[in-house]
Amino acid sequence: MNFNTHLEKTKFAIISALDSDKSVLISEFIVILKNASSLLKADNFSFWIDELQKIDHSEIPITKYAVVDAQKSWNEYDSSRTTFGNILLDTCEKLFTYWQQDDLCSTQGQFYYYKDKNTNLVFKESVFGCIQYLDRAMNRSTDTQFGIALISDLYGVVIVDDLY
């Protein structure tokens, strides 16, 4: 099989996973990310692989809107070696960090929810790098470890009525 065939096979695995229930979607994405990492010879998927493997699937916030948006994007996407990895990373961020259509920063960039693993403080960051803290200000030290903000983390600070 040539490289482009592998990309197409991975694309169809993503589309299939997006049509599954939440637990299967997450399990399939772990496999897809590992395969993509090997195929693209890249380690930039390790954050998502680690987070998805460590967190109970019921705690990962996924919105119906994010799933539908990802389905549309992947159905329209023409696989390309130069863009595949970035599109997959973008999909992971949209799917696994509670993406709301109307949650925009001042520059109209979508917000994604994370937490500081050392302090468990929740914050949201836009695609343009705008950060809003949902708790008190965080210490931005170099040893800060970030993770996905879980449903239980988000429940006290944002409305979570549209979860997948």
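Computed from a predicted model, the values in this text were never measured in an experiment. Positions are given from 1, in the same order as the sequence printed here.
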How about Tyr114 and Glu93: do any of their side-chain heavy atoms sit closer than 4.5 Å? yes
Is there side-chain contact between Trp48 and Ile30, with at least one heavy-atom pair below 4.5 Å? no
Do Leu33 and Cys92 have side chains that approach each other closer than 4.5 Å (heavy atoms only, starting at C-beta)? yes
Using every non-hydrogen atom in the two residues, find where Phe146 and Asp116 come nearest and quote the distance to one decimal. CD2-CA, 4.3 Å
Rounded to the nearest 0.5 Å, how far does OG1 of Thr10 lie from NE2 of His6? 8.0 Å
Does any donor atom in the side chain of Glu59 or Ser152 lie under 3.5 Å from an acceptor atom in the other side chain? yes
Atom pair CD1/CD1 of Ile62 and Ile26 - distance to nearest 0.5 Å: 4.0 Å
Which heavy atom in Val122 sits nearest to a heavy atom in Ala149, and how many Å separate them? CG1-CB, 4.2 Å
Starting at OG of Ser73, measure out to NZ of Lys94 and round the result to the nearest 0.5 Å. 5.0 Å
For Leu18, is there any backbone N or O sitting under 3.5 Å from a side-chain donor or acceptor partner on Gln71? yes
Between Ser37 (side chain) and Ala42 (backbone), is there a donor-acceptor pair under 3.5 Å? yes
For Asp43 and Ser46, run side chain to side chain donor-acceptor pair (under 3.5 Å): C-alpha distance rounded to whole Å, both residues' side-chain angles, the deciding distance at 0.1 Å, then the answer. CA-CA 6 Å; Asp43 64 352; Ser46 60; 5.6 Å; no
Counting C-beta onward and ignoring hydrogens, is there a side-chain heavy-atom pair between Leu7 and Asn4 closer than 4.5 Å? yes
Please determine whether salt bridge (charged side-chain N to carboxylate O under 4.0 Å, His left out) holds for the pair Lys117 and Glu51, giving the CA-CA distance in whole Å, both sets of side-chain angles, and the decisive distance to 0.1 Å. CA-CA 11 Å; Lys117 288 186 174 184; Glu51 288 294 292; 2.4 Å; yes
What's the shortest heavy-atom distance between Ser58 and Ile151, and which atoms? O-CD1, 3.2 Å
Nearest 0.5 Å, please: how far is CD1 in Ile148 from CD1 in Ile55? 4.5 Å
What's the shortest heavy-atom distance between Ser20 and Leu25, and which atoms? CB-N, 4.1 Å
Does Ile60 offer a backbone N or O that forms a donor-acceptor pair with the side chain of Lys22 under 3.5 Å? yes
Evaluate the criterion salt bridge (charged side-chain N to carboxylate O under 4.0 Å, His left out) for residue pair Lys54 and Asp50; output intermediate values, then yes/no. CA-CA 6 Å; Lys54 291 178 193 173; Asp50 293 345; 5.1 Å; no
Is there a side-chain contact between Phe3 and Leu40 in this structure, where contact means two heavy atoms from C-beta onward sitting under 4.5 Å apart? yes
For residues Gln53 and Ile49, determine if any side-chain heavy atom of one lies less than 4.5 Å from a side-chain heavy atom of the other. yes
Report yes or no: does Ser38 contribute a side-chain atom to a donor-acceptor pair with the main-chain N or O of Asn35 at less than 3.5 Å? no
State, with a plain yes or no, whether a side-chain heavy atom of Thr5 is found less than 4.5 Å away from one of Lys9. no
Taking Asp153 for its side chain and Leu150 for its backbone only, find out whether a donor-acceptor pair lies under 3.5 Å. yes
Could you check whether any side-chain N or O of Ser16 sits under 3.5 Å from a backbone N or O of Phe12, counting only pairs where one atom can act as donor and the other as acceptor? no
Can you pull the ring-ring contact (aromatic ring centres under 6.0 Å, His included) pairs that have at least one residue in residues 69-92, sequence neighbours excluded? Trp74-Tyr77, Trp74-Phe84
Can you establish whether the number of heavy atoms outside Asn75 located under 6.0 Å from its atom CG is more than 12? yes
Taking atom CG of Leu88 and atom CD1 of Ile32, what is their separation to the nearest 0.5 Å? 7.5 Å
Centroid-centroid under 6.0 Å between Phe29 and Phe96 rings: yes
Working to the nearest 0.5 Å, report the span between NZ of Lys34 and CG of Leu52. 10.5 Å
